[in-house]
Amino acid sequence: MFDAKTIDDMASRLASVVPPSLQAVKTDLEKTFHAVLQSTLGKLDLVTREEFEVQKLVLAKTRAHLESLEKRVADLEQHISSSKQA
């Protein structure tokens, strides 16, 4: 999901806001940021935008099919009900 370059960029940005008093440990902090980001982001169960859009289309198609089937069942129930009354 997140490539190494993205994580490196995020770690660098975090390290760039380190206060001047901690600049001596900036490299260590950047490595720590990188490790924490990689670990945390790796644990997340994320999907790409493309995968999300595909699933959204599948869901819309499934919903339309379900609505069609619900209407057919309602029509059949109506037909059976009116046949019993006749």
Side-chain angles (χ1 to χ4, degrees):
M1 170 53 66
F2 291 96
D3 60 15
K5 185 179 180 336
T6 302
I7 293 174
D8 288 343
D9 290 345
M10 291 169 57
S12 293
R13 280 189 247 154
L14 285 170
S16 71
V17 296
V18 171
S21 60
L22 297 176
Q23 287 297 318
V25 293
K26 181 179 177 181
T27 303
D28 289 336
L29 283 173
E30 189 169 344
K31 287 178 185 176
T32 302
F33 290 151
H34 185 276
V36 169
L37 286 168
Q38 190 169 20
S39 173
T40 303
L41 294 174
K43 291 177 186 175
L44 297 176
D45 190 17
L46 302 174
V47 297
T48 64
R49 170 58 64 184
E50 182 180 335
E51 291 169 320
F52 175 80
E53 292 299 330
V54 166
Q55 289 304 313
K56 193 165 85 169
L57 290 173
V58 168
L59 178 60
K61 184 177 178 181
T62 302
R63 183 177 292 137
H65 188 64
L66 176 62
E67 289 170 358
S68 170
L69 291 173
E70 286 174 335
K71 183 176 181 341
R72 285 179 61 191
V73 168
D75 290 345
L76 288 170
E77 288 174 340
Q78 178 71 27
H79 178 71
I80 290 170
S81 177
S82 34
S83 294
K84 286 182 179 179
Q85 291 177 359

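All heavy atoms count here, side chains included; hydrogens, waters and symmetry mates do not.
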To the closest 0.5 Å, what do you measure between [atom1] ([X]) and [atom2] ([Y])?
X	Y	atom1	atom2	result
Asp75	Glu70	CG	CD	12.0 Å
Leu69	His65	CG	NE2	4.0 Å
Leu14	Asp9	CG	CG	11.0 Å

With a 4.5 Å cut-off on side-chain heavy-atom distances among I, L, V, M, F, W and Y, is there a chain of contacts connecting [X] to [Y]?
X	Y	result
Leu59	Val47	no
Leu44	Phe33	yes
Leu46	Val36	no
Val54	Phe52	no

For Lys26 and Ala15, the nearest pair of non-hydrogen atoms, with its separation, is CE-O, 3.6 Å
Mind running side-chain contact (heavy atoms from CB on, under 4.5 Å) on Lys56 and Glu53 for me, showing each step along the way? CA-CA 5 Å; Lys56 193 165 85 169; Glu53 292 299 330; 3.3 Å; yes
Keeping the roles fixed (side chain from [X], backbone from [Y]), state whether a donor-acceptor pair exists under 3.5 Å.
X	Y	result
Ser68	Ala64	no
Ser82	His79	yes
Ser39	Ala35	no
Ser81	Glu77	no

Is the shortest heavy-atom distance from the side chain of [X] to the side chain of [Y] under 4.5 Å?
X	Y	answer
Arg63	Glu67	yes
His34	Asp8	yes
Leu41	Met10	yes

Please evaluate residues Val17 and Arg13 with respect to the criterion side-chain contact (heavy atoms from CB on, under 4.5 Å), reporting the C-alpha separation (whole Å), side-chain torsions for both, the decisive distance (0.1 Å), and the verdict. CA-CA 7 Å; Val17 296; Arg13 280 189 247 154; over 6 Å; no
